[in-house]
K.L.:
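Could you have a look at this structure, given as structure tokens, before my questions?
Along the sequence shown, the residues carry numbers beginning at 1. A quick note: this is a predicted structure, and the numbers were derived from the prediction, not measured.
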Amino acid sequence: MRRNRVLLLVVALVSVLALGAAGCGGDDDDDAAGGDTGATDTGAAAAEQVLRIAWGAEPPSLDPGKATDTTSSNVILALMDPLVKLNPDTLEPEPSLAETWEVDGSTVTFHLREDATWTNGDPVTAQDFVYSWKRTLSPELAADYAYQLYGITGAAEYNGCESKCEALADKVGVTAVDDYTLQVELTSEQPWFLGQVSHHSFLPVHQATVEEFGDNWTDP
């Protein structure tokens, strides 16, 4: 009985080794056929610049002001640059569309890159952010994520207004100092605000396109 058991163990061990050898042997075949191109990779860009990603579902919205789900957020952030991105290891804000910024108490000033453009070639400016953030806060849009901007002076009041809304829109604490300088007045000192603006609801939209096509501006 013991002899049979030993024989079975030997057979099993031989089978495992054979499978391991077969797995390793595949690499040799690939190398011989030129499958391993790592040594000859020149690092040149692919001729067709296309990134394909398998999402679990169609994004319900590509409008930063309306999107509320993870899929839409992932797609939008793959298409557009936020003011800052979060370091994946430290979660500290790092420059993206904003090159630099200063925090002076409850005032945050972003200095935008001057090489950023929309797909039609128009420059991305500080005014794009002023328009977009007020659009997200507008009662007409009824954005679910409008509350993300409530740390900005006057934002909650404008979002909840029922009359004389234009006057309240003017009091929202976001200003284009010049084409590439965006100043934000917060309701208080908020150390988390720099990281918060990496959220897709803080992304800008192209005003002329939105005004021309309305709710269908993200369609092909």
K.L.:
Asp128 and Pro123: which non-hydrogen atoms are nearest, and at how many Å?
P.N.:
OD2-O, 3.6 Å

K.L.:
To the nearest 0.5 Å, what is the distance between CG (Asp179) and CG (Leu112)?
P.N.:
9.5 Å

K.L.:
Could you go through residues 98-106 and list every donor-acceptor pair under 3.5 Å that involves a side-chain atom there, pairing it with any protein atom two or more places apart or in another chain?
P.N.:
unit_1 : atom_1 : unit_2 : atom_2 : d
Glu102 : OE1    : His111 : NE2    : 2.9
Glu102 : OE2    : His111 : NE2    : 2.9

K.L.:
Ignoring hydrogens and geometry, is there a side-chain-to-backbone donor-acceptor pair from Asn216 to Asp219 under 3.5 Å?
P.N.:
no

K.L.:
Roughly how far, to the nearest 0.5 Å, is the CD atom of Glu94 from the OG atom of Ser198?
P.N.:
11.0 Å

K.L.:
Determine the minimum heavy-atom distance between Ala155 and Leu137, stating which atoms define it.
P.N.:
CB-CD1, 3.6 Å

K.L.:
Hydrophobic cluster mates of Trp192, side-chain heavy atoms under 4.5 angstrom, ILVMFWY only, any path?
P.N.:
none

K.L.:
Does Leu79 belong to the same Ile/Leu/Val/Met/Phe/Trp/Tyr cluster as Val50, with side-chain heavy atoms less than 4.5 Å apart forming each link?
P.N.:
no

K.L.:
I would like to know whether Thr218 and Phe213 meet side chain to side chain contact (heavy atoms under 4.5 Å, CB included); could you show each step before the answer?
P.N.:
CA-CA 8 Å; Thr218 59; Phe213 296 103; over 6 Å; no

K.L.:
Under the ring pair (Phe, Tyr, Trp, His ring centres under 6.0 Å) rule, collect the residues that match up with Trp118, sequence neighbours excluded.
P.N.:
His206

K.L.:
Quick one: does any side-chain atom of Thr209 pair with a main-chain N or O of Trp217 as donor and acceptor, under 3.5 Å?
P.N.:
no

K.L.:
Do Val124 and Tyr131 belong together in a cluster built from hydrophobic side chains that touch within less than 4.5 Å?
P.N.:
no

K.L.:
For Pro204 and Met80, work out which heavy atoms get closest and say how close.
P.N.:
O-CE, 2.9 Å

K.L.:
Could you go through Leu186 and Ile152, starting from their C-alpha distance and side-chain angles, then the distance that decides it, and tell me whether this counts as side chain to side chain contact (heavy atoms under 4.5 Å, CB included)?
P.N.:
CA-CA 4 Å; Leu186 303 176; Ile152 301 172; 4.2 Å; yes

K.L.:
Kindly assign one of parallel, tilted or perpendicular to the pair Phe193 and Phe110, based on the angle between their ring planes and the thresholds 30° and 60°.
P.N.:
tilted

K.L.:
Quick one: does Thr153's side chain have a donor or acceptor within less than 3.5 Å of a partner on Glu185's backbone?
P.N.:
yes

K.L.:
Where do Thr109 and Thr181 land on the side chain to side chain contact (heavy atoms under 4.5 Å, CB included) test, with the steps shown first?
P.N.:
CA-CA 7 Å; Thr109 304; Thr181 306; 3.6 Å; yes

K.L.:
Looking at Leu182, Leu194, Val184, which hits side chain to side chain contact (heavy atoms under 4.5 Å, CB included) with Leu83?
P.N.:
Leu182

K.L.:
Are Val172 and Val130 close enough, and set up right, to give a side chain to side chain contact (heavy atoms under 4.5 Å, CB included), and what steps lead you there?
P.N.:
CA-CA 9 Å; Val172 176; Val130 174; over 6 Å; no

K.L.:
Can you hop from Val197 to Val177 via hydrophobic side chains spaced under 4.5 Å?
P.N.:
no

K.L.:
I'd like to know if the side chain of Ser132 reaches the main chain of Val205, judged simply by a donor and an acceptor atom lying under 3.5 Å from each other, with no hydrogens or angles considered.
P.N.:
yes

K.L.:
Main chain of Gly154, side chain of Lys171: is a donor-acceptor contact present, judged purely on distance under 3.5 Å?
P.N.:
no

K.L.:
Atom CG in Leu149, atom OH in Tyr158: separation rounded to 0.5 Å?
P.N.:
12.0 Å

K.L.:
Write out all pairs satisfying salt bridge (Lys or Arg N to Asp or Glu O under 4.0 Å) with one or both partners inside residues 53-80, taking only residues at least two apart or from two chains.
P.N.:
Asp63-Arg135, Lys66-Asp215

K.L.:
Just how far is it from atom CG of Asn159 to atom NZ of Lys134, taken to the nearest 0.5 Å?
P.N.:
14.0 Å

K.L.:
Look up atom OG in Ser163 and atom CG in Leu168, then write down how far apart they are to the nearest 0.5 Å.
P.N.:
8.0 Å

K.L.:
Membership question, hydrophobic clusters at under 4.5 Å side-chain separation (ILVMFWY): are Trp133 and Leu62 in the same one?
P.N.:
yes

K.L.:
Using modelled atom types only, decide if a donor and an acceptor are shared between the side chain of Gln183 and the backbone of Thr107 within a distance under 3.5 Å.
P.N.:
no

K.L.:
Tell me if the CD atom of Glu162 is crowded by more than 12 foreign heavy atoms within 6.0 Å.
P.N.:
no

K.L.:
What are the two closest non-hydrogen atoms of Leu86 and Gly195, and how far apart are they?
P.N.:
CD2-CA, 3.8 Å

K.L.:
For His200, check ring pair (Phe, Tyr, Trp, His ring centres under 6.0 Å) against everything at least two apart and list the hits.
P.N.:
Tyr145

K.L.:
Is there a path of hydrophobic side-chain contacts, each under 4.5 Å between heavy atoms, that joins Tyr150 and Leu141?
P.N.:
no

K.L.:
Okay, side chain of Asn74, backbone of Thr71: is any donor-acceptor separation there less than 3.5 Å?
P.N.:
no

K.L.:
Which atom pair, heavy atoms only, marks the closest approach of Ile76 to Ser61?
P.N.:
CD1-O, 3.9 Å

K.L.:
List for me each residue that meets side-chain hydrogen bond (donor to acceptor under 3.5 Å, both in side chains) alongside Thr187, sequence neighbours excluded, and say none if there are none.
P.N.:
Gln190

